[in-house]
Amino acid sequence: MTISPNRAHKSKNLESYTSDEEEDDMPLSQASIKKRRRVKINDILDDDEGDGDEDEDEDATLSSIAVKNKKQKISKIKVEEFDGSSSSQEKKVKKSKKKSKKVSKKMISDPKNETKQESDDDDKPLKKEVSTELENDEEEEYKWWEKQNEDDSIKWTTLKHNGVLLPPPYEPLPSHVKLYYEGKPVDLPLEAEEVAGFFGAMLETDHAKNPTFQKNFFTDFLHVLEQNGGTKNGIEIKEFTKCDFKKIFDYYDLQREATRQKSSLEKKQIRLEREKAEEKYKFCELDGRKEQVGNFKVEPPGLFRGRGAHPKTGKLKRRVQPEDIVLNLSEDAPIPEAPAGHQWGEVRHDNTVQWLAMWKENIFNSLKYVRLAANSSLKGQNDLKKFEKARQLKDHIDTIRKDYRKRLKNKFMLERQKATAIYLIDVFALRAGGEKSEEEADTVGCCSLRYEHVTLKPPNTVIFDFLGKDSIRYYQQVEVDKQVFKDLTIFKRPPKQPGHQLFDRLDPSILNKHLQSYMPGLTAKVFRTYNASKTMQDQLDLIPNEGTVAEKLLRYNAANRTVAILCNHQRTVTKGHAQSVEKANMKIKELEWQKIRLKRGLLQLDSSELKKNKAYFKELDDLSKEDEASIHAHIIERERDRLHKKFARENDKKKFMKEKELPESELKEWLDKVEEKKKQYAKELKTNVVELRSSLNTVEKIKAQIEKLEQRILTATIQLKDKEENSEVSLGTSKLNYIDPRLNVAFCKKYNVPIEKIFTKTLRDKFKWAIESADENWRF
DNA sequence: TAGAGGACTTAGCACAAGCGAG
DNA sequence: CTCGCTTGTGCTAAGTCCTCTA
């Protein structure tokens, strides 16, 4: 069971958080909220708390402190020359230009085929330009970002669309694939079989091993079974542990394998058919313009996969029927036809909202929406507004910071809590943290922090340890402002104890109301956007405008990483991470050995080189005999492995083609060559005399070869470093949601970095407004 | 004036597609 | 050309914040 080290698990939560018994003897336990009780401590603080050390005026508010505190390491490797690929990159671009022209012609002749053409085109870099040109030819493209921003309570005047794409109906299992109960095959009604299938298909996942998931699934499964008349062959299912889903799992696993095995032609065929079926749902007409729809596919039924220790994980997410769906479109728009025998739940004409369709899901009774794609004008406008609001905060941030510093000493408890909370949100980029019900995973943000999430270490060190959004652990040991430390101590004073709210007077709405008094529209989340973009701007400003594109990119990524760390954006380390780091390290060692070997060879050829440049040969003694031997062994081992695999592969092929297989002797012959190499290495190790291949017969040639190797070592080292530093940090989220895209665009323009290097195609689409509106001097 | 409901953004994961090394 | 890893995208869960209602 592989679990993200960052995502805490239920058992851990239950241990470290308040247990119910404890609460019962608490005088205040009558509070309706069980775990998250509010214990209030005195409203007005007397002088001995309020007084204190005069402001040291340490300018400690800036988020840069948080970053520093996190011991952020920004790659400082000096790269001499690192861009081996730039010329080939250029070629690629040129090539694609030609190709693109062709494409655009095709597209003009058949504009409806736009998406198909796009996905067929494999040269990315210029695609954007091409489609822009095209759209310009076709019809004047709507550049909403050049228009004035009018009233936005009305989202559209006309809206036409084709409704939603419902998931395919359930395909029953073949009759020989069944659930087994106490070893006996069970005949399930179709509805129950489907649910069993959901579980069976994910038998090997972590979810299926989670007891809560199992319990919730089983309850819902039994319910569906009962609703549909029970099993058809008289078997009564009572206990989960007696159910055997293995056959079902095997069946679905085989299916998965089969799709994977399909030839690329077959896959393409399937893809084309799918695209054809989806075509009509992909676009809608908004105010007469064609815009892309985002999630036009209705979520298929399945088992709810809650994150972290979610009490509802594993519950059945039931199939959404057309009757559950509410459509939203213009009054004069044709109403898309409901599937045969069905009708839509409701048709609405509400132009104050941005959604095209909506339904209520059954796990939380919450609403799910079908909305426009990220590249649409509506989403773009919202995005721009968000970043403009964050930029507006620039003009208020000094006032706000001054004010909360002052209020940290206010004599009213509520005011101090507000001030402290804003401090934490500003400096550590915490989320607002709304109250959650018992039906959800126990995660917190600023306002919902509890006693046990904050440990205070005098004089002013604070350890935050809690589960935030998505049950991602936030763990930081940081130094805070002295007054903040004092206040936190007060907020934790008895009678408070584990389980109690740290900010007992506060919730996001109180906090946001206060924030509005500084600036209209200011809320807690704006601080995250502001600090992320501000940090990015500051980091980018530090990058020298010199060196290769690869070098600049490396530094760009380092800047991006600073932001991601500030926002605590994590990802689970990939399965093979440790292994692949190990492999990369080995490869570097090997390259280094090769270099040394070449240098030895060089000296054998002309020993006078040593006197000419002693420093050049200084690493000759770096490698111990043992290290060298182990590198040898590794190379030999890998070589053998490779040959064995090759042998097996070729024989598989021959078997398939009904040809005669290679004899074992052939493999032996190959291996003998490796054996020779091994002997040769052993000899070199003993005598210290190397035998370079015969083409390396002049000092120049060897030196050139050494240079190449050095280049490769450098590249590999940088890549490895980048990889290690990024292994637990997710850069994507901040790039997608927090860093003003115009910053990235300005960076690219100023530093001559192609935008494709930092924005994928989807991102370029989403941020088209930024790409076209920001110049190299744009600043956040 | 709290709490529910509604509408929107933000988030990591799973899986497919792409891509570079061998 | 194949294999195995990385990258990009789709999916949908999980937040925030606002409005409406009793």
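Keep in mind that this is a model prediction, so the values were computed, not measured. Quick note on labels: first sequence line is chain A, next is B, and so on, each numbered from 1.
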Does [X] have a side-chain nitrogen or oxygen under 4.0 Å from the phosphate oxygens OP1 or OP2 of [N]?
X       : N       : result
Q516(A) : dC18(C) : yes
T572(A) : dC13(B) : yes
S471(A) : dA14(C) : no
Y738(A) : dA11(B) : yes
T760(A) : dT7(C)  : no
K297(A) : dC11(C) : yes
N295(A) : dG10(C) : no
H569(A) : dA11(B) : yes
R528(A) : dT16(C) : no
T523(A) : dT16(C) : no
H310(A) : dA14(C) : yes

Looking across every strand, which nucleic acid part, if any, lies under 4.0 Å from [X] by heavy atom: base, sugar-phosphate, or nothing?
X       : answer
E361(A) : nothing
G306(A) : sugar-phosphate
R371(A) : base
K513(A) : nothing
G433(A) : sugar-phosphate
D383(A) : nothing

* To do: Map L763(A) and K368(A) onto DNA chain C by nearest heavy atom, then report which one ends up closer to the 5' terminus.
  =>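 The residue closer to the strand's 5' end, by nearest nucleotide, is L763(A).
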
* Asked: What nucleotide among dG22(B), dA17(B), dT12(C) has an atom nearest to a side-chain atom of E299(A)?
  ->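 Within the option list, the nearest is dT12(C).
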
* To do: Look at the side chain of T733(A) and decide which nucleotide, out of dG15(C), dG12(B), dA13(C), has an atom nearest to it.
  =>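 It is dG12(B).
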
* Parallel, tilted or perpendicular: rings of Y369(A) and W355(A) (30°, 60°) ->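 Tilted.
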
* Indicate the ring-plane relationship of F296(A) and Y281(A), choosing parallel, tilted or perpendicular according to the 30° and 60° boundaries. => parallel

* Presence of donor-acceptor pair under 3.5 Å, side chain of K469(A) and base of dT10(B) -> yes

Have [X] and [Y] got a donor and an acceptor in their side chains that come within less than 3.5 Å?
X       : Y       : answer
K436(A) : T443(A) : yes
Q255(A) : D253(A) : no
N744(A) : Y556(A) : yes

* Between atom CG in L506(A) and atom C1' in dT1(B), what is the gap in whole Å? -> 16 Å

